[in-house]
Structure formats: C-alpha cells, structure tokens
2 protein chains.
Amino acid sequence: MYKLYGSPASRAARVMWALEEIGAPYEIVAAKPHSDALKAVNPLGKVPALLDGETAVFDSTAILLHLSDKHGMLTFPVGSPERSRLMSVVCFLIDDFEQPLWTAAKHSFILPEALRAKEAILPACHHDFRNALASLGALLGDGPFLMGETFTIADIIAGHLGGWAKATGFPEPEGAVADYMARVRARPGWQAVAKARAAAA
Amino acid sequence: MYKLYGSPASRAARVMWALEEIGAPYEIVAAKPHSDALKAVNPLGKVPALLDGETAVFDSTAILLHLSDKHGMLTFPVGSPERSRLMSVVCFLIDDFEQPLWTAAKHSFILPEALRAKEAILPACHHDFRNALASLGALLGDGPFLMGETFTIADIIAGHLGGWAKATGFPEPEGAVADYMARVRARPGWQAVAKARAAAA
C-alpha cells in the first residue's frame, strides 16, 4: 500500500485526489516537516512525499507523474505528442498559476516575520494570477479538460489551485474557466479529499 | 531539424545545452514574445518553445523532458526508481531553486513598474535561495552530478540557474556545491551555449 506523507491540507491533497481517481489504496503517515521519519523519505524534509515499496518520491508534481505513469491513468504515454503537450501545460501551472499563490503564502505565514512583505507583493501576485487565469482559458479552449476529453494530472493541479486561490481571496475566474473549476472540483475524487480535509480541520 | 524559439539569453539556453549534449542539430528562430509566429507554436506566446516536426512543446522543462525521452539521453526510463528521483530533483529545482531568482527578475524588469517591489522582496529571495543552496548540497551528496554518475537534465537546469544567480548578485555557493557548478558549467555543451550568448550580447 502507498504511504503518503503529508496532511490533506497540504499539497498532499493533489496526491490523494490522484489516488482516488486511480482507485489505489493508500495510508496517510503523519510526519512533521524536517522530522527524521520524513527525512528518510525526502532528504529535504518536506511534504508531500510518497513511499512506494522501496521507491521514495517527493514534490507533489513528481509524485503525480510517478503514480500516473505506473497506473497508465491520468496521463499519456511518453513519446506521444499528447504527453509533450501535457507536460507543457503542467509546467505552465507550476510556473505561472501556482507561483503567485505560493509567493503570497510565503509572505503570509512561511517566511520569518522580519522578511515578510505581503502588502508590497500582493498587487503583483494578483496581477500575475489574472494573467495566468487568461492563459488557463487559452489552454482550456473548448475543454472539457485541459487535455480535451481526458481528465489528467494537469486538471488535478489546476483544480487544487483553484480552491487555494478562492480561499485566499485571489481574483476569481469567470466564464469557461469558472465552469471548468466547478466541473473538476465536483468529481468524486476531489469530493472525497475535500471530506478528509474538512474532517482534519 | 529542431526549431527552437527563443534567444540564447532566455531559458532557451537550457534547451540549447541539452541539444549540444545530445548532438542533435537545431535552428534558432527569432520570434518576438506574443507574435503570431510564436503563438502558432505556444498559444501563450512565450519562449522557449520547440517545434519537432508537427509536435509543439513549450516551457523549458517540458522541452528538456521531450528531448531527453526522445533521444534516451540525460534521463532515465519511465518506471525506474531513478526516473522518479530525477523528477523529484527537477521539481525541487523549479519550485525552490529557480523561484527566488525568477521573483527577483519579475520585480526588476518584468512586472509593470507600478507593481514592482524589488527592495521589499529581495531579502526574502536571498533567504530562500540560501536555503535552496543547502538543499542542493543535500541532494548532490557525493556527486559528481545530482543523479550520481549520470549527467541529466537536472544538472542542466541547476547549472543554468547557477550562472543566473551569480550574474544577479545572489548568495554564492560554497564547497561541494561551488565545485559542482564549476564542473557542470565547464562541459563543452554549456561552453558552446555560452559562446552563442556572448556573440548575441
């Protein structure tokens, strides 16, 4: 059984969502950041991390790639044009769609207090996020998903970030992107994770 | 022949480095961001983008994955533990090692002037980068490369970022990480790119 390190409130939620979609059983291991137990799986001491037998994987995106390739679900085979497009979209999500949210979070509660500059950086974060919403709309096209008819790890990352943005007061999507967010977050896979998050809160 | 969109001064340099290591011929296409020519390859209108026959790939990391998988070089096969580790390291580099550099660049010359807050965010960027240097050292271990004896796309990303950090006055690596940066940047592949960058400057 997969051992997932990280709480449902962290980016481990993306991994849980993927495992729900795949239908693979998993166990959540409560391990504090930088604890010895976590460092045995991820030398950097961060969550999420996954233990799959003897193989340790860390960073939520790397874990999504590991699981989707292993199960042949939520992705496309390496060497196909669809795979290269999927990776382009995933990299856009990490570089442009997540970055403003993560920068704002760092300056809200992660950095040492003396280094935080939330008021100074929030306008730029909102600006970048508005641009990223427009890019997401361009990539989505007629949908229903980012890769057309196939629900993939890109939709898991985007759907998770959509909830994060809403919860932290970032600009809201409109039109087709708003419909898309509602569509992916209504899936039973995410609903199961949302239930676990509510129970843990 | 591969068509690479983006100048050697952009993150296209990473793609050039990979193509030099692989020994594959390529042509650099001068295309302005958001031009119609570029949008035909990357709907987001950003460089770098790659055209491989009919397949369009964008974002430097996605392009490195495309090329390394296609040529079976600078990577490991999907399904191997080494591949999952490589992706963990690549995601660390994008999330933690590049992010402070990119945030500082945005606030230096990319964001609209009214939104820039360089003085306010630079201490946090340097703090995050110092932590990322320590993490890089932990991942490097005894080296010589991030994945041990095999030079991979992770070393291309790290080596490129090392030069970017130095050029913009970020904290300098020491000890094993400094030796590592010198080792990867001395490779003929990077030296060829550096020559093209100097010629274009």
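In what follows, chains are A, B, ... by sequence order, proteins preceding strands, each numbered from 1. What's counted below: heavy atoms across the whole structure, side chains too, no hydrogens, waters or symmetry copies. Remember, predicted model here, so these are calculated numbers, not experimental data.
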Please report the C-alpha distance between Val78(A) and Leu65(B) in whole Å, then the side-chain angles of each, then the deciding distance to 0.1 Å, and finally whether the side chain to side chain contact (heavy atoms under 4.5 Å, CB included) criterion is met. CA-CA 9 Å; Val78(A) 162; Leu65(B) 286 168; over 6 Å; no
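Residues of residues 140-163 of chain A lying within less than 4.5 angstrom of chain B, judged on heavy atoms, are absent. Close approach to chain A, defined as a heavy atom under 4.5 Å from one of its heavy atoms, is seen in no residue of residues 182-196 of chain B. For a heavy-atom cut-off of 4.5 Å, chain A lies close to Lys46(B), Thr55(B), Val57(B), Phe58(B), Asp59(B) in residues 45-60 of chain B. For a heavy-atom cut-off of 4.5 Å, chain A lies close to Thr103(B), Lys106(B), His107(B) in residues 100-109 of chain B.
Taking OG1 from Thr61(A) and CD1 from Ile94(B), the interatomic distance works out to 10.0 Å, rounded to the nearest 0.5 Å. Atom CD1 of Ile63(B) sits about 7.0 Å away from atom OG of Ser88(A), to the nearest 0.5 Å. Once rounded to the nearest 0.5 Å, the distance linking CG of Leu122(A) with CG of Leu115(B) reads 11.0 Å.
In plain terms, the two heavy atoms of Ala62(A) and Cys91(B) that are nearest each other are N-SG, 3.8 Å. Considering all non-hydrogen atoms of both residues, Ala117(A) and Ala120(B) come closest at CB-O, 3.7 Å.
For chain B, no part of Asn42(A) is nearby; none of its heavy atoms comes within less than 4.5 Å. With a threshold of 4.5 angstrom between heavy atoms, Arg116(A) does not approach chain B through any atom at all.
His66(A) places none of its side-chain heavy atoms less than 4.5 Å from the side chain of Met87(B).
Residue Lys3(A) places its NZ atom among 12 or fewer non-hydrogen atoms of other residues, nucleotides or ligands, all under 6.0 Å distant. Residue-environment remark: CD (Glu27(B)) exceeds the threshold of 12 foreign heavy atoms within 6.0 Å.
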